[in-house]
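Take a look at the structure set out below.
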Amino acid sequence: QVRLVQSGGGLVQAGGSLTLSCSLSGGTITNYAVGWFRLAPGKEREYVGAYNKDRYIAYYADSVKGRFTISRADSKNTAYLKMDKLKPDDTAAYYCAAKRYNGNYITAATYNHWGQGTQVTVSS
């Protein structure tokens with residue numbers, strides 16, 4: 001059974017950096033496209049970005065492009081979301097998700113497996 005376990009997150013000042021990890025067990029991460037989403041109080045779930053399982057390419061929402069970087073360490077079966085130049089508006093619970101096929105990354109319902117979420121709080 002595939003399971004995603006997240007780590008990282010916390011409190012950081014505006015302009016700072018954080019890295020979130022998403023470790024996959026019960027499968028091989030190279031067989032899964034990984035997406036990242038966030039949920040802030042009073043807002044709808046927002047797509048952050050995704051990693052193509054085959055082409056070593058990452059995609060990003062406009063709101064984070066140029067500041068966030070998604071990567072994958074195959075030997076560790078882990079995906080990462082590195083967040084730089086953080087803003088207070090980035091404050092949210094962040095979730096990783098996985099699915100067996102590429103494409104339609106922005107639609108949360110297409111993902112079969114979800115991490116438990118981790119809180120990121122950016123102070124001004």
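Only this structure's heavy atoms are used, side chains among them; waters, hydrogens and symmetry mates stay out. Quick note: residue numbers are just sequence positions, from 1.
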Exercise. Under 3.5 Å, side chain of Asn77 to main-chain N/O of Ile29, donor-acceptor pair present?
Worked result: yes
Problem set entry | Distance-only side-chain donor-acceptor flag, Ser23 / Thr78, under 3.5 Å | yes
For this session: Report yes if the distance between the aromatic ring centroids of Phe37 and Tyr111 is under 6.0 Å, otherwise no.
Result: yes
For this session: For the residue pair Ile70 and Val34, establish whether any side-chain heavy-atom pair is separated by less than 4.5 Å.
Result: no
Problem set entry | Straight-line distance of Leu20 CG to Gln119 CD, nearest 0.5 Å | 10.5 Å
Problem set entry | Heavy-atom donor-acceptor pair, Gln116 side chain to Gln6 backbone, under 3.5 Å | yes
Seminar exercise, completed: d(Thr30 OG1, Tyr51 OH) to nearest 0.5 Å is 10.5 Å
For this session: Flag this pair as yes if the NZ/CZ of Arg45 is under 6.0 angstrom from the six-membered ring centre of Trp114 and inside a 45 degree cone about the axis; otherwise no.
Result: yes
Problem set entry | Pair Arg100-Tyr32, side chain to side chain contact (heavy atoms under 4.5 Å, CB included): steps then yes or no | CA-CA 5 Å; Arg100 290 297 299 268; Tyr32 293 85; 3.0 Å; yes
Exercise. Sub-3.5 Å donor-acceptor pair from the side chain of Arg3 to the main-chain atoms of Gly26, do we have one?
Worked result: no
Exercise. When rounded to the nearest 0.5 angstrom, what distance separates SG in Cys22 from CH2 in Trp36?
Worked result: 5.0 Å
Problem set entry | Donor-acceptor under 3.5 Å (Ser21 side chain, Tyr80 main chain) | no
Exercise. Rounded to the nearest 0.5 Å, what separation is found between the OH atom of Tyr60 and the OG1 atom of Thr69?
Worked result: 4.5 Å
Exercise. Between Asn102 and Lys53, is there a donor-acceptor pair closer than 3.5 Å when you use the side chain of the first and the backbone of the second?
Worked result: yes
Seminar exercise, completed: In this structure, CZ of Arg38 is separated from SG of Cys96 (nearest 0.5 Å) by 15.5 Å
For this session: State whether the number of non-hydrogen atoms from other residues, nucleotides or ligands found under 6.0 Å of Ile106 atom CD1 is greater than 12.
Result: no
Problem set entry | Heavy-atom side-chain proximity of Asp74 to Tyr56 below 4.5 angstrom | yes
Exercise. So, Lys99 versus Thr110: side-chain donor-acceptor pair below 3.5 Å or not?
Worked result: yes
For this session: State plainly whether the residues Lys87 and Asp90 are in salt-bridge range, i.e. N to O under 4.0 Å.
Result: no
Problem set entry | Common cluster, Leu4/Val48, ILVMFWY with side-chain heavy-atom separation under 4.5 Å | yes
